[in-house]
**Q** 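Quick one: structure below, then a few questions.
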Amino acid sequence: GQQLNQSPQSMFIQEGEDVSMNCTSSSIFNTWLWYKQDPGEGPVLLIALYKAGELTSNGRLTAQFGITRKDSFLNISASIPSDVGIYFCAGLLTGKLIFGQGTTLQVKP
Amino acid sequence: DAMVIQNPRYQVTQFGKPVTLSCSQTLNHNVMYWYQQKSSQAPKLLFHYYDKDFNNEADTPDNFQSRRPNTSFCFLDIRSPGLGDAAMYLCATRRTSSYEQFFGPGTRLTVL
């Protein structure tokens with residue numbers, strides 16, 4: 001089936017550092033969504049992107065819809081301990097969300 | 001607050017004993033989804049409802065069934081749970097005019 005390549009798989013950073021993660025695919029997507037999942041909870045929608053080249057912010061989070069429509073990026077600035085969790089990208093393809101494998105973020109205080 | 005609610009949050013069942021998980025939503029969304037998520041993996045779509053129209057994924061085992069008696073409620077029935085069905089089960093909803101899916105907190109299923 002369709003796959004999204006999400007990287008990095010995991011990150012261990014110091015509090016205050018900026019974080020970048022991305023998703024790439026061989027398919028073109030019309031929508032990109034970024035979710036965060038805390039342990040034992042459901043994913044929470046962070047940012048939705050609808051247009052190629054779109055750059056959208058939500059607090060310290062910024063996400064971009066790649067120009068080729070085959071990739072998307074999420075940046076977190078000035079990380080804090082509560083940013084810990086698993087971040088998933090999801091691309092919309094034929095009406096369904098295709099999820100990346102997730103980036104596990106750990107933040108050291 | 002409008003939300004997606006899943007009950008129970010934790011469910012323990014025995015191998016082969018039928019189990020039902022429930023999802024309710026106060027968002028009045030037309031579309032409801034059931035996902036299975038195993039440890040350290042992405043959610044995997046099992047099926048979804050567009051209003052009352054049921055759409056099964058091709059690789060969803062026959063062991064998994066679903067019911068949607070009304071807009072607000074959706075149930076996942078696992079007829080004969082196996083050890084491999086132990087997972088987090090996530091319900092999600094969206095309105096017709098948007099592709100943003102909103103997830104419930106999930107039900108963690110343990111099969112003994």
**Q** Quick one: what part of I86(A) sits under 4.5 Å from any heavy atom of chain B, side chain, backbone, both or neither?
**A** neither
**Q** At a 4.5 Å cut-off on heavy atoms, which part of Q101(B) comes close to chain A: side chain, backbone, both, or neither?
**A** both
**Q** Go through the steps to decide whether C74(B) and C23(B) satisfy the test disulfide bond (SG atoms under 2.5 Å apart), and finish with yes or no.
**A** CA-CA 5 Å; C74(B) 197; C23(B) 176; over 6 Å; no
**Q** Name the member of P43(B), G106(B), G104(B) that forms the most heavy-atom pairs with chain A at distances under 4.5 Å.
**A** P43(B)
**Q** Heavy-atom pairs under 4.5 Å with chain B - which of T31(A), N30(A), T104(A), L97(A) has more of them than the others?
**A** L97(A)
**Q** Can you name the nearest heavy-atom pair linking F73(B) to R68(B), along with the distance?
**A**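 Answer, listing the atom of F73(B) first, then R68(B): O-CG, 3.1 Å.
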**Q** Exactly one of I47(A), T62(A), N75(A) should register a side chain to side chain contact (heavy atoms under 4.5 Å, CB included) with S57(A). Which one does?
**A** T62(A)
**Q** If you take all heavy atoms of F29(A) and G91(A), which pair is closest and at what distance?
**A**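 The pair with the smallest heavy-atom distance is CD2-C, 3.3 Å.
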**Q** Which answer fits Q37(A), side chain, backbone, both or neither, if we ask what part of it has an atom under 4.5 Å from a heavy atom of chain B?
**A**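 Contact with chain B involves the side chain of Q37(A) alone.
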**Q** Does the distance from a Lys or Arg side-chain N to an Asp or Glu carboxylate O, for D77(B) and R79(B), drop under 4.0 Å?
**A** no
